[in-house]
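Note that the structure is a prediction, hence the values are computed from the model and not measured. Reckoned from all heavy atoms, side chains included, excluding hydrogens, waters and symmetry mates.
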Amino acid sequence: MKIIRAKDYNHMSRQAANIISAQVILKPDCVLGLATGSSPIGTYEQLIKWYEKGDLDFSQVRTVNLDEYVGLDSSHEQSYAYFMRSHFFDRVNIDPSNTNIPCGIAPDEAAECQRYDSVISGLGKLDLQLLGIGPNGHIGFNEPDTCFTKGTHKVALTETTIQANKRFFQREEDVPRFAYTMGICDIMNARRVVLVASGVEKADAVKAAFFGPITPLVSGSILQLHPDFTLVADEAALSKV
Ligand code: F6R
């Protein structure tokens with residue numbers, strides 16, 4: 001594990017964007033695994049700035065997102081499909097047909113998980129997976145469990161996650177209770193993993209995941225075993241280690 005200690009959120013975002021832009025420049029048709037949430041927004045903003053300057057070209061990049069809420073259509077403002085379009089895809093020259101996100105309203109949930117797993121395997125190895133971390137140490141929506149789940153699955157969101165994510169919804173009861181998420185094997189199979197963490201509210205999760213035992217109760221802890229894992233965290237997120 002490599003740790004990049006950043007001063008604050010903006011510095012963390014620039015550091016993570018540096019790693020991703022190097023990947024895109026070195027391999028223009030790379031496969032990027034992408035995350036949503038507050039943590040990577042600054043990273044996307046930085047990548048967009050470099051794209052606007054003419055320094056980055058996403059025309060051949062292919063992407064696969066970690067997760068989506070079950071029950072939300074891609075036009076729903078809180079869906080992760082909508083998030084990705086507004087925070088990144090619509091603002092760079094990526095081909096929408098090269099982007100992949102689980103379908104939140106698929107009628108057959110088991111079939112949707114299988115479909116998404118085939119999408120991931122069809123793309124070959126992910127070159128780089130970008131992650132955030134939940135306050136309970138989750139990566140993707142791999143919530144605390146008794147075992148690490150390998151592939152895409154439907155997961156019941158824990159109370160901690162519902163509480164953490166309710167800030168995006170008008171009412172707490174609007175927060176979906178289930179999500180599709182890529183599994184731990186999908187994430188661990190990526191050639192390179194970069195996780196961004198910012199703020200004191202992530203300090204316990206960072207300590208538990210990267211300085212504690214490897215356990216499915218803290219799914220991010222599995223990254224300690226990844227051969228090319230970079231934690232990009234600001235001082236607040238690293239304040240307990
Ligand atoms: C999002 C995802 C989640 C988030 C995590 C942190 O696609 O997979 O694991 O990265 O919940 O969310 P934020 O960044 O909003 O604190």
### Task
Indicate whether the side chain of Ser198 and that of Asp234 have a donor and an acceptor atom separated by less than 3.5 Å.
yes
### Message
Under the criterion salt bridge (Lys or Arg N to Asp or Glu O under 4.0 Å), I'd like the reasoning laid out for Arg91 against Glu45: C-alpha separation, chi angles, the key distance, then a yes or no.
### Response
CA-CA 9 Å; Arg91 299 168 60 194; Glu45 288 296 329; 3.1 Å; yes
### Query
Can you find a pair of side-chain heavy atoms, one from Leu47 and one from Val92, that are under 4.5 Å apart?
no
### Side-chain donor or acceptor of Asn142 paired with backbone N/O of Met182 under 3.5 Å
yes
### Spacing of Gln60 atom CD and Asp95 atom CG [to the nearest 0.5 Å]
10.5 Å
### Task
Determine yes or no for a side-chain-to-main-chain donor-acceptor pair under 3.5 angstrom, with His226 supplying the side chain and Ala190 the backbone.
yes
### Message
Please check this pair: side chain of Asn65 against backbone of Asp67, looking for a donor-acceptor N/O pair closer than 3.5 Å.
### Response
no
### Task
Tell me who clusters with Val155, hydrophobic residues only, linked when side chains sit under 4.5 Å apart either directly or through other members.
Tyr69, Leu72, Tyr80, Phe141, Leu157, Ile162, Phe168, Phe169, Val175
### Task
Determine, step by step, whether Asn93 and Asp57 satisfy the side chain to side chain donor-acceptor pair (under 3.5 Å) criterion, reporting the C-alpha distance in whole Å, the side-chain angles of both residues, the deciding distance to 0.1 Å, and the verdict.
CA-CA 7 Å; Asn93 66 336; Asp57 173 17; 2.7 Å; yes
### Query
Does the side chain of Lys166 come under 3.5 Å of the side chain of Gln163 through a donor N or O and an acceptor N or O?
yes
### Task
To the nearest 0.5 Å, tell me how far Cys113 SG sits from His153 NE2.
8.0 Å
### Task
Determine whether the aromatic ring centres of Phe229 and Phe210 lie less than 6.0 Å apart.
yes
